[in-house]
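Taking it in order: structure first as structure tokens, then the write-up.
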Amino acid sequence: MADKQHLYLVDGSAYIFRAYHRLPPLTDPEGTPVGAVYGYTTMLWKLADDLDKADGPTHLAVVLDKSSHSFRNEIYDQYKANRPPPPEDLVPQFPLIRDATRAFSLPMIEEENVEADDMIASYARAAAAKGWDVTIVSSDKDLMQLVGPGGDGHGAIDMLDTMKNARIGVSEVEEKFGVGPDLVGDVLALMGDSVDNIPGIFGVGPKTATKLIQEHGSLTSALDAAPEMKKSKLKERLLEHRADAELSRILVTLKEDCPLPIAIDDMKLDGIAPGPLAAFLEKHGFTSLLRRLDAGNGSPDRANELNPAKADTHGADASPEGNRQPLPEFPAIDRSAYETVQTMERLEHWITQCEQAREIAVDTETSALDAMQADLVGVSLATGPNHACYIPLAHGGSDMFAEKPEQVGFDEALAALKPLLESDAVLKIGQNIKYDLNVLSRYGINVAPIDDTMIISFDLDAGRGQDGIGGGHGMDELSERHLGHTPLTFKEICGTGKKQIPFGEVPLDKATEYAAEDADVTWRLHQHLKPRLAIEGGSRVYERVDRPLVPVVAMMERNGIKVDRTRLARLSEEFATETARLEQQIHELAGEEFTVGSPKQLGDILFDKLGYKGGRKGKSGQFSTDQAVLEKLSGQGADIADKVLEWRQLTKLKSTYTDALQQAINPHTGRVHTSYSLVGAQTGRLSSTDPNLQNIPIRTPIGRQIREAFVPEDGNVLLAADYSQIELRLAAHMADVDTLKDAFAKGEDIHNRTAQEMYGAVDRDTRAQAKTINFAILYGISRWGLAGRLGVEPDEAQAMIDRYFQRFPGIQRYIAETLESVRERGYSETLFGRKTWFPRIDSKNQAERQGSERAAINAPIQGTSADIIKRAMVRMMPALEDAGLGHVQMLLQVHDELVFELPESDVASASPVIERVMADAALPAVDLSVPLGIEIGTGPSWDAAH
DNA sequence: AAGGTCACG
DNA sequence: GACGTACGTGACCTTG
């Protein structure tokens, strides 16, 4: 049997830079930085794991850059001229990369005066010419020129991005560049590359470059066509910079005929000697890899790779991975094992299987993204690894002439599934199962009990992505991270853009692969993640707070809130008229017409043309024109600044609220249904999208008019109940500040009390300053930040901070202890045990580190507040039902506020129930040393309820 | 797609 | 002397 040879060429140098930027700054036991080396080592490990796979490597070599000089410097002296030197803690890692390569017994190629890209090109072409397949391990866009399908005696060339675990073939290249690999060089020549200092055509980016090449077929044709183009910036640029593009074309061309220092046949993989590898791993403290080596190269646990830092540098106990139990071994995902359920008989069979399995993964497929409008198209179930099915329910139908595929009757199938989905004896596992709850609820099915892998992941790993390794909780990401598997994407199945088809039109075989795989992956993730909750102390917050919250939030989303469309439309018109008037005045004051909404143009008008003073800001070198700047100008008598501020306010209100909210009204319910994310904020807060109902204006009279459009149905009122100063109360409790606790106990105005303590006198000014300082404390204070807010010198701000700490002993200690604990353990914790991870708390970059510190000071306070209102939400409906008020509807949550709709006649009986549930929400888990104050208001609109 | 701006707690 | 000047979000607009 003539096995196909497969050469892997590892673009080592490029990988090192990427690993350096994406991994935390680890150091080995001797203090040498090894973050990039670790990343490189795990990458080689992963490749070694692929050895036995069908398309795994038979031959492999690592290609490194040896010197920065190449033929490109001869023809263009600016080539790579403005590339900064490598970061200083990366430099010592270069030799270690070579050590690592040797430890794996792999051939290494580095040649003077030849760039790694050219060497890779030469080897790839040579091997492909022999009929070998070639995989280039890199994500470098220049190398994408080499990708090709093979054939005619030639082998195929593709690429592998190990960080994203993605293959890059011809179609991926076409997707990225909009042209085939043979034209990638032409596109690159137009785009240029600021990192390599390849000029390209100034002002032409990826989109324009692709368009030009698609339209004209090649770089030369595009340049030749320039004189005939209609007058435009683009035309001018093409004409003016033609020479740059031609030079760039040469620079981006890979040299494919370099002499080959090692024969390709000598790159044959024949096993890794464990001795040298173990010695290398040992030396650099890569203990988790060492364990795997000892375990006989067993199934790699991808979670370990995610955060090696803690396991390897903070001792075994610092990390949950340290005491991880062995994970169940599952067979690889096999999509061909899935069943398409098309008969009642098979459906009954699967339902029985599910009842016996006791834990099943469920996923619904629908016609659209919005759970409140989407129609159910099919359901997938999984009871074990590779044991999954897809039940199409409403496939086909848009094409009247096509025959609909065989499927179980819609109503009949749902009637059969309902007892299973509602059975107390069967746990339904979902990934973001709130979505499925809402869809199925519209068909009369109340899914329970439930688990949610997305939320479990959040309760375990919130914040872990802050260092850029990827800490999201979406299914694809979790699958990559924990299972090392890339699921089919929705795009792959349904296409994208204009060509996108609804899921109901996907052929059943493809639909089954996609839908059943999602259920299979979810089931596996659950096996993987759920046990970690108990081990890592996440059970309390998951079981007591977040899991029970899912059906509650789902219900709130379905409830929605009524908005008065007519009122919004009237406001939109008023805003439009006023905006137009202002725009004209602004143009007159400016002496020319310009786009007021363009910060760039506005900056040029204000500071260049009109000569107002105001500094540059930001990397872009653009003038800042934000509110603070404009208000300063207004203070100097610049009328135009006032007008712009007013214009901005009105356009904002119109586009974001009065226009958008009308669009958001659901035609079936006549109400607006937001979607809450339970994993949106690192601290544990909810977030709200589509539309965001957590940022409806309230601070200005003009904005409040929008709140007036949020109304109850006839006969009802809205009731708003909010926690008063909850974060300051929690700070007083958590930092154990007697003065503050006393003030809250007595029901005093807390900012007045702060002013009294700080200045010995209370007036408007001192109260305002005290309020600013109180917030500064919650957010993690810096003298410069406070100085900027109060308009005083940093020295004076520092004096105020010192005085605050002196008057409120406990705060300083709380901050120090919180930071110490975060540095020690890697995460902060709320009073209810919710963790937020801070992987950058030890960053060498001061800004980054200080940012993390401020966030870490705030997270326990903001997070505890989030826990408390969530607990109140969970208890709210049962408490109301007990009081005979089950018809009261809970509609919205805005961090410290809950909004209800109820008959006016029930206000008197419902208010005390709501108040009690909210005030006692921390009990019995936490007995706060401050009371939680609740303020309740009611009225014919959300505005009036405040 | 990114940056700037601004709405909320 | 650097970073950039308070924590947490999401939406919209302009621009390259």
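Quick caveat, the model's predicted, so the values are computed rather than measured.
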Partner residues of [X] under the ring-ring contact (aromatic ring centres under 6.0 Å, His included) criterion, sequence neighbours left out:
X      : answer
A/F594 : A/H587
A/H473 : A/F458
A/F710 : A/W942

Proximity to DNA chain B (any heavy atom under 4.0 Å), residues of residues 657-665 of chain A only:
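Result for residues 657-665 of chain A: A/Y657, sorted by number.
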
Under 3.5 Å, is there a donor on one side chain and an acceptor on the other for A/Q649 and A/T700?
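There is such a pair (donor and acceptor under 3.5 Å, judged by atom type) between the side chains of A/Q649 and A/T700.
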
Would you say the side-chain atoms of A/Q798 and A/E793 include a donor-acceptor pair closer than 3.5 Å?
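No, no side-chain donor-acceptor pair sits under 3.5 Å.
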
Side chain of [X] - closest among [options]:
X      : options               : value
A/S687 : C/dT14, C/dG10, C/dC7 : C/dG10
A/I698 : C/dA11, B/dG9, C/dG8  : B/dG9
A/R648 : B/dT5, C/dT9, C/dA6   : B/dT5
A/R789 : C/dT14, C/dC3, C/dA6  : C/dA6
A/A855 : C/dC3, B/dC6, C/dC7   : C/dC7
A/T595 : B/dG9, C/dT14, C/dG8  : C/dT14
A/K600 : C/dG10, C/dG16, B/dG4 : C/dG16
A/Q649 : B/dT5, B/dG9, B/dA7   : B/dA7
A/L786 : B/dC6, C/dG8, C/dA6   : C/dA6
A/P697 : B/dC8, B/dG9, C/dG16  : B/dC8

Could a donor-acceptor pair under 3.5 angstrom be found where the side chain of [X] meets the base of [N]?
X      : N     : answer
A/R854 : C/dG8 : no
A/R699 : B/dA7 : no
A/Q627 : B/dC6 : no

Which residues pass the salt bridge (Lys or Arg N to Asp or Glu O under 4.0 Å) test with A/E592, sequence neighbours left out?
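With sequence neighbours excluded, A/E592 shows a salt bridge (Lys or Arg N to Asp or Glu O under 4.0 Å) to A/K609, given in chain and number order.
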
For A/E848, what residues pass the salt bridge (Lys or Arg N to Asp or Glu O under 4.0 Å) criterion, not counting sequence neighbours?
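Once residues adjacent in sequence are excluded, the partners of A/E848 under the salt bridge (Lys or Arg N to Asp or Glu O under 4.0 Å) criterion are A/R840.
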
Pairs flagged by salt bridge (charged side-chain N to carboxylate O under 4.0 Å, His left out) wherever residues 642-655 of chain A is involved - sequence neighbours left out
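Every pair satisfying salt bridge (charged side-chain N to carboxylate O under 4.0 Å, His left out) with a residue in residues 642-655 of chain A: A/K654-A/D659.
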
[atom1] of [X] versus [atom2] of [N]: gap in Å, rounded?
X      : N      : atom1 : atom2 : result
A/D896 : C/dG8  : CG    : P     : 17 Å
A/I702 : B/dC8  : CD1   : P     : 12 Å
A/I696 : C/dG10 : CD1   : P     : 14 Å
A/I801 : C/dT5  : CD1   : C1'   : 12 Å
A/I773 : C/dC7  : CD1   : P     : 17 Å
A/E727 : B/dC8  : CD    : C1'   : 13 Å
A/K652 : C/dG10 : NZ    : C1'   : 9 Å
A/L693 : B/dG9  : CG    : P     : 13 Å

Below 3.5 Å, can you tabulate the donor-acceptor pairs from side chains in residues 767-778 of chain A to any protein atom, sequence neighbours excluded?
from: A/R767; atom 1: NE; to: A/D749; atom 2: OD1; distance (Å): 3.4
from: A/R767; atom 1: NE; to: A/D749; atom 2: OD2; distance (Å): 3.4
from: A/R767; atom 1: NE; to: A/N752; atom 2: OD1; distance (Å): 3.3
from: A/R767; atom 1: NH2; to: A/D749; atom 2: OD1; distance (Å): 3.3
from: A/R767; atom 1: NH2; to: A/D749; atom 2: OD2; distance (Å): 2.9
from: A/Q769; atom 1: OE1; to: A/Y759; atom 2: OH; distance (Å): 2.7
from: A/T772; atom 1: OG1; to: A/A768; atom 2: O; distance (Å): 3.1
from: A/N774; atom 1: OD1; to: A/Y804; atom 2: OH; distance (Å): 2.8
from: A/N774; atom 1: ND2; to: A/H751; atom 2: ND1; distance (Å): 3.0
from: A/N774; atom 1: ND2; to: A/T754; atom 2: OG1; distance (Å): 3.0
from: A/N774; atom 1: ND2; to: A/A770; atom 2: O; distance (Å): 3.4

A/E557/A/K434 ion pair, N-O < 4.0 Å
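Counted as a salt bridge, because a side-chain N and a carboxylate O are separated by less than 4.0 Å.
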
Base, sugar-phosphate, or nothing for A/G788, non-hydrogen atoms under 4.0 angstrom?
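Result for A/G788 = nothing.
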
What does A/T772 touch in the nucleic acid at a heavy-atom separation under 4.0 angstrom: a base, only the sugar-phosphate, or nothing?
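A/T772: base contact, heavy atoms under 4.0 Å.
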
DNA chain C base-pair string [pairs: Watson-Crick or G-U under 3.5 Å; |: paired with another strand]:
......|||||||||.

Between A/W784 and C/dT5, do the rings stack, that is, sit under 5.5 Å apart with planes less than 30° off each other?
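It does not: the two rings, one from A/W784 and one from C/dT5, miss the stacking criterion.
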
Using atom P in both nucleotides, what's the gap between C/dT5 and B/dT5 to the nearest angstrom?
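About 12 Å, rounded to a whole number of Å.
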
Mind checking the P distance from B/dG3 to C/dG4? Whole angstroms is fine.
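About 13 Å, rounded to a whole number of Å.
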
Distance (rounded to the nearest 0.5 Å) between A/M890 CE and A/I914 CD1:
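It comes to 9.0 Å.
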
Would you mind telling me which residue lines up with the more 5' stretch of DNA chain C, A/G780 or A/E848, judged by nearest nucleotide?
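By nearest-heavy-atom nucleotide position, the 5'-most residue is A/E848.
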
